[in-house]
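Worksheet for the structure shown next.
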Amino acid sequence: MKTRDKILLCSLDLFNERGERNVTTNHIAAHLGISPGNLYYHFRNKSDIIYEIFQEYEKLVNYYLEIPEDRPLGLDDMMFYLESVFDGLWSYRFFHRDLEFLLDNDERLREDYRRFTSRCLTAIKQILSGLGEGGLFQHQPDELKDALSLNVWLVITNWMAFLKTAHASHPYDSITRNQLKQGIFQVLTLEMPYLNAEYRDDVMAIRARYRPDVIGSTPDSVFIPGGLK
């Protein structure tokens, strides 16, 4: 593997494990057993490393959200999209954990993320349309699909922040992959009212597998996300 690729992979691992703000370029170089000068030969600073990691994440999400043109979408497709997107969130979890800080500190990243969000919202709306054409969802006017797409996006991109602030005992390493993927429960909850009746039981059964266990430790803090039982 090329040194540049090693730097990116090592940085991603350290950012995910410790948090981006707790990792310096010296930490990255020491972890790889290379000199800081060797690292700076490939990247001018940590912001350049983060920006390139985001570009890789962007490519991954774009790949996940591709829509087949030769057939309608069904329940398996819907779950593939959700599973894949939350897997991507886990693999690049540092990014959404520190999103506001990262965007405030890099204008390139801020502009690219704005365009990335726009493309994802468009893709989610197209997926909802495809699921409607496949019979999974009831017909929805564009205005409703726009609102639902935005709500789905908000749940996906903010679920990590919810876990970090409402559940985790440590800001970085106490959130598990399973807890992150429990955000799928919330997305399916949003979509339940628009399902055609013949799919409701199947989706309810799938949804139950992701029921969050993020419940407070004292009676005053008990919170169970999701209103549909």
Check against side-chain contact (heavy atoms from CB on, under 4.5 Å), Arg119 and Thr122: CA-CA 5 Å; Arg119 288 195 300 273; Thr122 298; 5.7 Å; no
Ring pair (Phe, Tyr, Trp, His ring centres under 6.0 Å) assessment of Tyr92 paired with Phe95: CA-CA 6 Å; Tyr92 293 83; Phe95 189 76; 8.5 Å; no
Verdict with supporting geometry, Trp153 and Thr117, side-chain contact (heavy atoms from CB on, under 4.5 Å): CA-CA 9 Å; Trp153 177 250; Thr117 296; 3.4 Å; yes
Verdict with supporting geometry, Glu191 and Val152, side-chain contact (heavy atoms from CB on, under 4.5 Å): CA-CA 9 Å; Glu191 297 174 344; Val152 167; 4.0 Å; yes
Stepwise side-chain contact (heavy atoms from CB on, under 4.5 Å) check, Phe43 with Leu8: CA-CA 10 Å; Phe43 297 97; Leu8 291 172; 3.6 Å; yes
Full working for salt bridge (charged side-chain N to carboxylate O under 4.0 Å, His left out) between Asp77 and Arg71: CA-CA 11 Å; Asp77 294 298; Arg71 60 176 178 80; 2.8 Å; yes
Working for side-chain hydrogen bond (donor to acceptor under 3.5 Å, both in side chains), residues Tyr81 and Glu66: CA-CA 9 Å; Tyr81 289 128; Glu66 287 181 357; over 6 Å; no
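At least one donor-acceptor pair under 3.5 Å links the side chain of Asn62 to the backbone N or O of Glu58. The closest donor-acceptor contact from the side chain of Asp106 to the backbone of Arg108 lies under 3.5 Å. Side-chain atoms of Ser118 never come within 3.5 Å of backbone atoms of Arg114 as a donor-acceptor pair (strictly under, hydrogens ignored). A donor-acceptor pair under 3.5 Å links the side-chain atoms of Asn22 to the main chain of Arg18, judged by distance alone. Looking at Asn158, its side chain never comes within 3.5 Å of a backbone N or O of Ala161 through a donor-acceptor pair. Remark: the backbone N or O of Phe101 is not paired with any side-chain donor or acceptor of Asp98 at under 3.5 angstrom.
Using a 4.5 Å heavy-atom cutoff, the side chains of Gln140 and Tyr194 are in contact. When side chains are defined from C-beta on, Ile7 counts as touching Leu32, because their heavy atoms get closer than 4.5 Å. Ile50 has its side chain out of reach of Asn105: every pair of non-hydrogen atoms, C-beta onward, lies at least 4.5 Å apart. Asn196 is not listed as a side-chain neighbour of Leu136, based on a closest heavy-atom distance of 4.5 Å or more. Between Ile49 and Leu39 the shortest side-chain heavy-atom distance falls below 4.5 Å. Considering only heavy atoms from C-beta on, Gln186 stays 4.5 Å or farther from Leu190 through its side chain. Side-chain contact check for Met78 versus Leu73: every heavy-atom pair is 4.5 Å or farther apart.
Between atom CG of residue Leu12 and atom CD of residue Glu56 there is a gap of 10.0 Å, rounded to the nearest 0.5 Å. Rounding to the nearest 0.5 angstrom, the gap separating the CG atom in Asp5 from the SG atom in Cys10 is 12.5 Å. Expressed to the nearest 0.5 Å, how far NZ of Lys164 lies from CZ of Arg93 amounts to 13.0 Å. How far CG of Asp146 is from CG of Asp142: 6.0 Å, rounded to the nearest 0.5 Å. Of the inter-residue distances, the one linking Leu195 atom CG with Gln138 atom CD reads 7.5 Å to the nearest 0.5 angstrom. Met160 contributes atom CE, which lies 7.0 Å from atom CG of Leu89 (distance to the nearest 0.5 angstrom).
A salt bridge links Arg177 with Asp87: the closest approach of a Lys/Arg side-chain nitrogen to an acidic carboxylate oxygen falls below 4.0 angstrom. Under the 4.0 Å criterion applied to side-chain N and carboxylate O atoms, Lys46 and Glu20 are assigned as salt-bridge partners.
The neighbour count for Arg44 CZ, taken as heavy atoms of other residues, nucleotides or ligands under 6.0 Å away, does not exceed 12. Atom NE2 of His42 sits in a crowded spot, with more than 12 heavy atoms from other residues, nucleotides or ligands closer than 6.0 Å. Within 6.0 Å of the CD atom in Glu143, the count of heavy atoms belonging to other residues, nucleotides or ligands does not exceed 12.
Both tests do not hold together for Arg211 against Phe185: distance to the six-membered ring centre under 6.0 Å, angle to the ring axis within 45°.
Between Pro212 and Trp159, the shortest heavy-atom distance links the atoms CG-CH2, 4.2 Å. Taking all atoms of both residues into account, the shortest heavy-atom contact from Ser149 to Leu128 is OG-CD1, 3.4 Å. When every heavy atom of Ile53 is checked against every heavy atom of Ser11, the shortest pair comes out as CD1-CB, 4.0 Å. Considering all non-hydrogen atoms of both residues, Leu65 and Cys120 come closest at CD1-SG, 4.2 Å. Of all non-hydrogen atoms in Ile184 and Phe86, the two that sit nearest each other are CG1-CD1, 3.5 Å. Nearest heavy atom pair, residue Leu14 against residue His27, reads CD1-O, 4.2 Å.
A continuous path of ILVMFWY side-chain contacts below 4.5 Å connects Leu188 to Met204, so both sit in one hydrophobic cluster. When the side chains of ILVMFWY residues are joined at heavy-atom separations under 4.5 Å, either directly or via intervening members, Tyr63 and Phe116 end up in a single hydrophobic cluster. Each of Tyr51 and Leu9 belongs to its own hydrophobic cluster when Ile, Leu, Val, Met, Phe, Trp and Tyr are linked at side-chain heavy-atom distances under 4.5 angstrom. A continuous path of ILVMFWY side-chain contacts below 4.5 Å connects Met79 to Leu60, so both sit in one hydrophobic cluster.
Side-chain N/O atoms of Ser129 and Lys145 include a donor and acceptor closer than 3.5 Å. Side-chain N/O atoms of His96 and Tyr57 include a donor and acceptor closer than 3.5 Å.
Under the 30°/60° scheme for interplanar angles, the aromatic rings of Phe15 and Phe94 are found to be tilted.
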